[in-house]
Amino acid sequence: ESRNAEQKEFLQAVSEVLESLEPVVAANPKLEELGVIERIVEPERIIQFRVSWVDDQGKVQVNRGYRVQFNSAIGPYKGGLRLHPSVNLSVIKFLGFEQIFKNSLTTLPIGGGKGGSDFDPKGKSDMEIMRFCQSFMTELAKHIGADTDVPAGDIGVGAREIGYMYGQYKRLRNEFTGVLTGKGLSYGGSLARTQATGYGVCYFTQEMLKSTKGESFEGKTVAVSGAGNVAIYAIEKAYQLGAKPVTCSDSTGWIYDPEGIDLDLLKEIKEVKRARLSEYAAARPSAEYHEKKNGEHGVWQYKVDIALPCATQNELNEEDAKMLIANGVTAVAEGANMPSTPEAVAAFQAAGVLFGPAKAANAGGVATSALEMSQNSERLHWTFEEVDSKLKGIMEGIFHACDDASKKYGMEGNFVAGANIAGFEKVADAMMAQGIAY
Ligand code: NDP
């Protein structure tokens with residue numbers, strides 16, 4: 001722990017996983033003999049680099065770029081790139097560590113990695129975004145490849161940024177390969193990748209409700225946070241499954257719309273105009289817009305049946321959890337990575353609320369990215385229905401893997417432990433089989 005003392009988010013993620021793995025380690029002495037735990041918490045490789053670019057005023061700007069290649073035991077490193085001013089090594093290491101287990105849970109052959117930069121895309125022109133992405137890729141290209149490391153999008157990285165990075169990679173390497181996922185449909189992207197994480201969260205939640213209570217989304221009210229890629233498509237799928245999503249948020253404020261979020265309006269504001277949510281309320285009489293203030297419950301203060309945090313880490317704390325519980329929430333599934341604090345998770349579990357942790361509930365994005373890799377390798381395109389039905393099957397499978405693992409170790413209903421254990425077992429097995437060369 002002392003080696004990484006400054007890495008708060010990373011330590012938070014590791015301590016949650018290691019706690020779940022205690023019974024597994026106790027039952028399998030080989031894990032200790034072969035140093036599996038000590039090895040799995042140490043990234044195989046960390047790359048940190050300077051990203052300099054020229055802004056619209058002709059001024060040189062310098063940002064810091066990262067790629068953490070965490071674990072390649074079961075496949076090439078795979079995980080998104082995040083562009084946000086809060087990015088630092090701790091954040092990227094926490095995300096990369098989580099990614100190992102998430103990728104394993106998908107049952108597809110992908111290892112764990114994550115990257116990004118402290119570059120802030122807000123307020124930047126299209127040309128500035130392009131110049132940044134090209135500079136970022138000029139260094140990153142040396143370390144990635146279709147069979148080595150395949151990055152994707154995350155906060156601040158969507159189809160536009162992936163396009164600029166892909167173009168630069170191709171130019172540097174003179175190679176048209178599936179080195180990034182989340183690509184546009186005209187140059188190797190997969191149908192349903194845009195929707196995959198949000199849809200996947202709902203497929204997971206639906207299976208969790210069905211399997212444990214014989215229930216579904218039908219007729220339920222849903223609180224969603226965020227207004228980005230994950231949130232928008234979680235809202236879309238919740239509607240398709242018969243529920244009513246009533247909230248969303250961005251970094252400046254939140255919307256409560258008791259008549260149900262107007263999805264077309266939300267997409268127009270966030271995907272087309274790239275504007276603030278205050279514009280949503282201005283165009284929609286039934287909605288309330290509130291500026292974000294510290295210490296307020298935001299989207300978590302309303303009476304809902306299901307909560308889907310889809311914005312960022314540590315956005316739902318113990319007090320928020322208690323408020324949701326008092327208002328009768330029955331299921332929570334994490335669309336974002338580690339959005340609930342450890343105290344919030346404990347409160348949900350103590351109250352008997354069904355809780356789907358991020359590495360299981362939001363694995364649909366990376367699963368579909370792996371399907372994009374398959375399509376790129378065979379140089380074919382699958383239909384939307386084909387990809388979507390595979391995604392649904394994968395999410396249902398993930399729920400049952402978590403459920404089964406929780407039962408195997410006497411922790412029935414604890415899907416946090418179940419996800420950690422189920423994700424860990426395959427990676428640990430592969431690491432032991434491959435020897436202790438690293
Ligand atoms: P986007 O950039 O598309 O959207 C992020 C949303 O969260 C925006 O509404 C943003 O507000 C808000 N947000 C970001 N940071 C903060 C913050 N510090 N405080 C408050 N609000 C914030 O990202 P994604 O939807 O892709 O990602 C959301 C989460 O889902 C992340 O945790 C990501 O790691 C996770 N995830 C994403 C996957 C994917 O396929 N995209 C896959 C698996 C997990 P604003 O618009 O103001 O910036």
Side-chain angles (χ1 to χ4, degrees), residues 9 13 78-87 91-92 94-96 98-99 102-103 105-106 112 114-116 118-124 151-162 180-182 189-190 192-201 204 224-236 247-255 266-267 269-271 273-280 291-294 296 298-299 308-316 333-340 357-372 391 395 398:
E9 295 83 1
K78 179 99 200 82
L81 297 170
R82 175 174 293 190
L83 299 182
H84 194 273
S86 63
V87 163
V91 168
I92 299 298
F94 120 63
L95 290 164
E98 289 283 290
Q99 198 80 44
K102 180 187 308 195
N103 293 3
L105 280 172
T106 67
K114 198 84 188 188
D118 58 0
F119 172 78
D120 186 359
K122 285 215 183 70
K124 302 290 189 300
D154 190 71
I155 291 179
V157 177
R160 174 179 61 165
E161 294 74 19
I162 292 289
L180 293 170
T181 57
S190 174
R193 174 60 186 93
T194 305
Q195 294 82 357
T197 308
Y199 279 22
V201 175
F204 180 95
V224 176
S225 65
N229 176 257
V230 181
I232 287 175
Y233 293 95
I235 290 173
E236 183 166 291
T247 66
C248 61
S249 62
D250 64 13
S251 45
T252 50
W254 79 88
I255 293 289
L266 181 63
K267 284 185 179 177
I269 291 169
K270 284 293 172 185
E271 294 186 331
K273 292 189 186 162
R274 297 177 186 269
R276 312 310 313 163
L277 274 181
S278 46
E279 284 200 19
Y280 177 99
E291 290 277 326
K292 183 175 158 182
K293 290 192 201 89
N294 278 345
E296 283 190 351
V299 300
L308 305 175
C310 297
T312 194
Q313 63 268 14
N314 294 326
E315 54 157 320
L316 196 168
E334 297 184 316
N337 283 314
M338 206 167 74
S340 319
K359 64 173 71 67
N362 74 22
V366 75
T368 309
S369 277
L371 301 179
E372 183 174 330
L391 167 65
M395 297 314 297
I398 291 176

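If you're wondering where the values come from, they're calculated on a predicted model, not measured in any experiment. We count residues from 1, following the sequence as given. What's counted below: heavy atoms across the whole structure, side chains too, no hydrogens, waters or symmetry copies. Just so you know, ligand 1 is whichever comes first in the structure, and atom 1 is the first atom listed for that ligand.
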### Task
Just jot down the side chain to side chain donor-acceptor pair (under 3.5 Å) partners of N103, sequence neighbours excluded, or say none.
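Side chain to side chain donor-acceptor pair (under 3.5 Å) list for N103, sorted by chain: Q99.
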### Task
Tell me, please, which residues at least two apart from E372 pass side chain to side chain donor-acceptor pair (under 3.5 Å).
K183
### Query
Between I92 and V87, does a side-chain contact (heavy atoms from CB on, under 4.5 Å) hold up when you go through it step by step?
CA-CA 7 Å; I92 299 298; V87 163; 3.8 Å; yes
### Message
Please enumerate all residues that pass side chain to side chain contact (heavy atoms under 4.5 Å, CB included) together with N229, with sequence neighbours excluded.
### Response
T194, Y233
### Summary
The reported gap from CD in Q313 to CD in E98 (rounded to nearest 0.5 angstrom) is 11.0 Å
### Query
Near ligand 1, which residues have a heavy atom under 4.0 Å away from one of its atoms?
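The answer is R82, H84, K122, D154, I155, G156, R193, T197, G226, A227, G228, N229, V230, S249, D250, S251, K270, R276, K292, C310, A311, T312, G335, A336, N337, N362, counting any residue whose heavy atom sits under 4.0 Å from ligand 1.
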### Message
Quick one, K114 and V91 - any side-chain contact, counting heavy atoms below 4.5 Å?
### Response
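Result no, sub-4.5 Å side-chain heavy-atom pair not found.
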